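Report on the following structure.
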Amino acid sequence: MNVRRKRFLFYTLLAGLFTLLFLLVISALNSSTAPTLIEVQAEELSQSPVSAPVPVPFEEVSSVPPDKTEQPLPAQADTIPTPTPSVQMDMIPAPTPTPFVQVVTAPPKTTSVTVDTYMPNGVVTPSASSKVSIPVLNYHSVTIDPGNVVVISPAKLEEQMKYLHDHGYTPVSLSTFIGLIENESGLTAPKNPVLLTFDDGYVDNVEEAMPILAKYNFPATLFMSPGMVEDTGYLNWEQAKQLHEAGWDIQPHGMTHPHLPRLSAEQQVFEITEARKLIEEKLGTQADVFCYPYGEYNQTTLKLLKEHGFRYAFTIDQGFTTNQQSPYLLKRLFINGEESLKAFINKLPKAN
Ligand SMILES: [Zn+2]
């Protein structure tokens with residue numbers, strides 16, 4: 001082998017070694033640096049998008065409620081003012097001529113009330129030997145209202161008045177009634193006296209009852225609540241005057257037909273005395289005989305009646321009125337508008 005050929009092989013091998021070494025160095029450099037940079041960047045990119053959005057939504061959510069709570073307030077404010085009052089106004093019932101239905105049957109629990117201390121001033125306590133007993137009939141509205149026991153039809157009232165007239169009963173005025181109860185000397189007792197009373201002051205009393213009673217020349221007593229004058233279905237003062245001129249005694253039944261035991265003493269005074277005052281002023285009469293609205297009273301009521309000089313008071317306790325009852329607890333006979341003439345007759349004492 002010659003020298004040239006040996007040199008050629010030597011340099012070729014040397015070049016191959018350098019090439020191999022270069023490639024090794026290049027590959028070593030690529031495997032140590034480049035991958036770490038890519039990984040770090042990848043980690044930063046992958047971490048930052050995940051971690052950043054998490055706190056933001058909470059802040060955004062917590063910033064929403066103030067907007068929501070502010071919105072309902074004006075909405076509620078709008079709903080508060082107008083609607084409620086208008087609904088309440090609509091619910092207040094217009095006064096109707098429907099009678100006070102509570103006035104019906106069973107006597108109220110009045111036994112616990114002490115009455116002996118409430119004798120009116122100037123009333124002579126009658127002796128037991130001269131007992132006076134008079135039926136006091138208790139009517140209300142006189143019109144046609146089938147099924148309502150507190151209302152009697154004009155036809156039935158006519159029938160009952162005719163019966164009284166034809167069978168020797170004598171409806172008397174309130175003053176005659178009191179004279180009889182008090183055994184007033186010199187008073188000639190009429191035959192089979194009866195007192196006709198009408199409660200509440202319905203306009204039909206002047207339209208229906210007055211002409212019927214006038215036909216028989218019967219007087220009556222009306223217990224009215226002046227606070228309801230000119231309300232729908234109730235008498236006005238002009239009509240009350242007509243009744244007065246036709247022989248009806250007009251007496252107080254509370255200003256507004258209240259449940260007296262539910263009121264304070266002060267309120268009771270107003271209800272009792274104002275009703276009396278108005279009737280006396282408007283009609284120029286004496287109105288010191290009371291009638292309990294709903295038949296209700298308490299110890300305060302009895303005390304006030306005495307203090308203010310009332311002479312008598314009527315309940316809805318069932319029975320004939322006698323001079324042995326407390327003057328403030330006079331009984332009456334409720335007239336059921338649905339009952340037959342026979343039932344009416346059975347309520348009355350036998351005529352002499
Ligand atoms: Zn009444």
Side-chain angles (χ1 to χ4, degrees), residues 93-110 136-143 145 148-152 157 174 177 195-210 220-237 239-240 243-244 248-263 267-268 270-279 282-283 287-298 301-302 304-305 310 312-319 321 328-338:
T96 60
T98 310
F100 297 97
V101 188
Q102 270 131 312
V103 188
V104 194
T105 44
K109 56 287 168 188
T110 54
V136 176
L137 309 186
N138 177 19
Y139 295 93
H140 293 81
S141 180
V142 183
T143 188
D145 186 9
N148 191 340
V149 297
V150 190
V151 176
I152 190 168
L157 182 68
L174 184 62
F177 167 84
L195 183 70
L196 307 175
T197 68
F198 291 79
D199 286 9
D200 303 335
Y202 299 103
V203 72
D204 55 45
N205 287 184
V206 74
E207 292 168 349
E208 303 288 355
M210 190 178 79
T221 301
L222 172 73
F223 295 107
M224 71 180 289
S225 296
M228 301 195 298
V229 160
E230 297 194 12
D231 281 359
T232 307
Y234 293 92
L235 297 165
N236 59 36
W237 284 117
Q239 292 164 325
L243 286 173
H244 172 58
W248 290 47
D249 286 291
I250 318 288
Q251 300 291 328
H253 194 37
M255 266 304 278
T256 63
H257 204 280
H259 295 274
L260 287 172
R262 300 181 191 175
L263 303 183
Q267 291 169 321
Q268 286 202 41
F270 173 80
E271 287 286 345
I272 292 167
T273 61
E274 193 67 12
R276 172 182 181 171
K277 190 180 136 211
L278 272 176
I279 293 168
K282 296 285 184 184
L283 303 178
D288 55 2
V289 175
F290 196 71
C291 176
Y292 305 107
Y294 307 103
E296 295 175 0
Y297 56 87
N298 59 13
T301 320
L302 300 177
L304 291 173
L305 288 174
F310 281 82
Y312 291 93
F314 284 95
T315 67
I316 54 168
D317 294 359
Q318 299 300 296
T321 306
Y328 295 143
L329 295 177
L330 299 183
K331 294 182 179 180
R332 294 190 292 173
L333 296 168
F334 172 70
I335 303 300
N336 180 335
E338 294 287 295

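Reckoned from all heavy atoms, side chains included, excluding hydrogens, waters and symmetry mates. Note that the numbering runs from 1 along the sequence shown for the chain. Here the structure is a predicted model, which is why all the values come from computation and not from measurement. Order of listing sets the numbers, starting from 1, for every ligand and every atom in it.
- Distances from the Zn ion (ligand 1) show that His253 has an N/O/S atom below 2.8 Å.
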Next item on the list: Please assess Thr301 against Tyr328 for the test side-chain contact (heavy atoms from CB on, under 4.5 Å), listing each intermediate value before the final yes or no.
Entry: CA-CA 10 Å; Thr301 320; Tyr328 295 143; over 6 Å; no

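- Within Asp200, the N, O or S atom lying nearest to the Zn ion (ligand 1) carries the name OD1.
- Relative ring orientation between Phe223 and His253 is described as tilted, the plane-to-plane angle lying within the 30° to 60° band.
- With a cut-off of 2.8 Å, the Zn ion (ligand 1) has an N, O or S atom of His257 in range.
- Ring centroid separation for the pair Tyr312 and Phe314 does not come in under the 6.0 Å cut-off.
- The Zn ion (ligand 1) has no N, O or S atom of Asp199 under 2.8 Å away, backbone or side chain.
- Asp200 and Tyr202 share a donor-acceptor pair across their side chains, judged by distance under 3.5 Å alone.
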